[in-house]
Participant: 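There's a structure below that I have some questions on.
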Amino acid sequence: MAKPILVANWKNFPASLPEAKDLLTNLKKKAELYKKLRLIITPPLPYLGLVAEKAGKMVELGAQNLFPQEKGSHTGEVGVDILKSFGVKVVIVGHSERRALGETAVDVALKAQVAIKSGLSPLICFGEKSRDTDGEHFQFLQEELKTLLSGINKKDLGKVMLAYEPIWAIGKQSAGPIDPLDLSQTILFVKKVLTDLFGRESAEKVAILYGGSVDESNAGLLLRNSGVRGLLVGRASLNAKSFEGVAHSMLAK
Ligand code: PGA
């Protein structure tokens with residue numbers, strides 16, 4: 001069995017280098033625990049070197065975005081060559097906080113294609129803004145997935161990770177995490193969409209994760225029986241104790 005995937009999306013935290021060092025020192029103390037998972041940390045770019053050096057083999061290095069042009073002068077942007085030179089293997093694309101700045105599904109699809117072309121795994125985020133009892137969000141999710149995956153070749157699906165992140169469930173001001181039953185229903189739907197697009201065998205290669213208000217009290221419930229292969233964690237990844245709780249909860253039988 002593949003290890004459950006745990007992604008720590010640090011966003012633009014911790015607020016200083018010493019705090020980032022502290023967090024890593026504390027995570028490192030639980031290396032034996034984290035080795036049971038496929039742990040991916042996506043720190044702010046200036047901390048990439050630090051995470052690579054301090055966390056070593058316990059962690060797979062990720063980035064929170066990429067600039068989708070491979071070469072050229074682009075002030076303020078960071079492209080795949082630099083990311084790869086730090087040892088980055090995974091890149092989040094299309095997080096809702098970036099989409100709020102104007103990124104469209106078409107932009108995200110391009111970033112996913114560039115990631116694959118350069119040997120990185122794209123972790124493609126998608127999710128509805130709100131839900132209603134009529135289930136209209138399913139239509140939205142279907143259209144969104146079609147666009148996001150439009151340029152991706154069947155043979156590359158083993159590299160693709162999808163993070164279902166309902167926007168209403170993300171962050172401090174949110175309604176809290178999705179109900180586990182609603183999660184399994186949605187993941188089943190996502191798998192059906194993938195199967196329609198790529199055929200069953202290829203569709204099964206895509207690792208689907210869930211993100212949105214995951215913490216130590218709900219991680220196990222959200223992971224088990226929902227059809228996801230892992231979790232993407234924001235706030236709870238910034239506190240070593242909470243993050244350890246998330247890992248324990250994911251591994252509990
Ligand atoms: P949260 O963030 O865990 O703080 O809700 C998740 C995310 O934005 O990826």
Side-chain angles (χ1 to χ4, degrees), residues 4-15 19-20 23 27 34 37-45 47 51 59-66 88-103 105 108 111-112 115 121-131 137 141 144-145 148 160-180 182-183 186-187 190 207-223 226 228-250:
I5 303 166
L6 174 57
V7 184
N9 179 15
W10 284 4
K11 306 191 179 185
N12 60 335
F13 301 104
E19 287 168 81
L23 179 56
L27 294 182
Y34 292 119
L37 297 158
R38 179 176 169 197
L39 174 62
I40 300 167
I41 296 183
T42 67
L45 293 175
Y47 300 156
V51 177
V59 162
E60 225 174 291
L61 207 54
Q64 299 172 15
N65 186 31
L66 64 77
V88 166
K89 300 275 186 267
V90 176
V91 60
I92 296 178
V93 293
H95 191 281
S96 58
E97 288 155 9
R98 294 207 57 81
R99 300 230 208 170
L101 302 175
E103 195 168 276
V108 179
K111 290 185 178 189
S121 272
L123 171 46
I124 309 171
C125 300
F126 70 105
E128 73 280 0
K129 281 206 175 81
S130 60
R131 310 195 136 203
H137 53 278
L141 293 176
E144 182 81 355
L145 283 169
L148 293 172
V160 173
M161 291 191 263
L162 283 177
Y164 170 58
E165 294 217 302
I167 296 170
W168 52 266
I170 296 175
K172 217 195 269 172
Q173 313 301 334
S174 74
I178 194 169
D179 179 274
D182 289 336
L183 179 60
T186 310
I187 298 305
V190 170
I208 309 173
L209 317 188
Y210 166 77
S213 296
V214 173
D215 64 22
E216 60 266 57
S217 74
N218 58 36
L221 278 175
L222 291 164
L223 182 70
S226 65
V228 297
R229 284 198 226 162
L231 300 170
L232 198 163
V233 183
R235 281 160 292 160
S237 71
L238 293 163
N239 174 293
K241 273 269 161 258
S242 310
F243 197 56
E244 190 186 320
V246 169
H248 277 300
S249 176
M250 288 174 78

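Note: hydrogens, waters and symmetry copies are ignored here, and every other heavy atom, side chains too, is used. Indexing begins at 1, ligand by ligand and atom by atom, following the structure's order.
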Participant: Which one holds for Ile170 and ligand 1: side chain close, backbone close, both close, or neither close, with close meaning a heavy atom under 4.0 Å?
Facilitator: both

Participant: Which value, rounded to the nearest 0.5 Å, describes the distance between Glu103 atom CD and Cys125 atom SG?
Facilitator: 9.5 Å

Participant: For atom 9 (O) of ligand 1, which protein heavy atom lies nearest, and how many Å away is it?
Facilitator: Glu165 OE2, 2.8 Å

Participant: Heavy atoms only: which of Ala169, Ala236, Gly234 lies closest to atom 3 (O) of ligand 1?
Facilitator: Gly234

Participant: Taking side chain as C-beta onward, heavy atoms only, is Leu123 less than 4.5 Å from Ile92?
Facilitator: yes

Participant: For the atom pair CD1 (Ile170) and CG (Asn9), what is the distance rounded to the nearest 0.5 Å?
Facilitator: 9.0 Å

Participant: Just how far is it from atom CD1 of Ile178 to atom CZ of Arg131, taken to the nearest 0.5 Å?
Facilitator: 4.0 Å

Participant: Quick check for you: to the nearest 0.5 Å, what is the distance between Leu209 atom CG and Leu223 atom CG?
Facilitator: 9.5 Å

Participant: Flag the pair Leu39 / Phe243 as yes when at least one side-chain heavy-atom distance between them is below 4.5 Å, and no otherwise.
Facilitator: yes

Participant: With heavy-atom distances below 4.0 Å as the criterion, list the atoms of ligand 1 near Leu232.
Facilitator: 9 (O)

Participant: Compute whether any side-chain donor of one residue and acceptor of the other, for Trp10 and Gln64, lie under 3.5 angstrom apart.
Facilitator: no

Participant: Give yes or no for whether the N/O distance cutoff of 3.5 Å, strictly under, is met between Gly211 and ligand 1.
Facilitator: no

Participant: Can you list the atoms of ligand 1 that are under 4.0 Å from a heavy atom of Asn9?
Facilitator: 9 (O)

Participant: For atom 4 (O) of ligand 1, what is the nearest protein heavy atom, given as residue, atom name and distance?
Facilitator: Arg235 NE, 2.7 Å

Participant: Give the residue and atom name of whichever protein heavy atom lies nearest to atom 2 (O) of ligand 1, and the separation in Å to one decimal.
Facilitator: Lys11 NZ, 3.3 Å

Participant: Which of the atoms in ligand 1, numbered in the order shown and given with their element, are less than 4.0 Å from a heavy-atom of Gly171?
Facilitator: 1 (P), 5 (O)

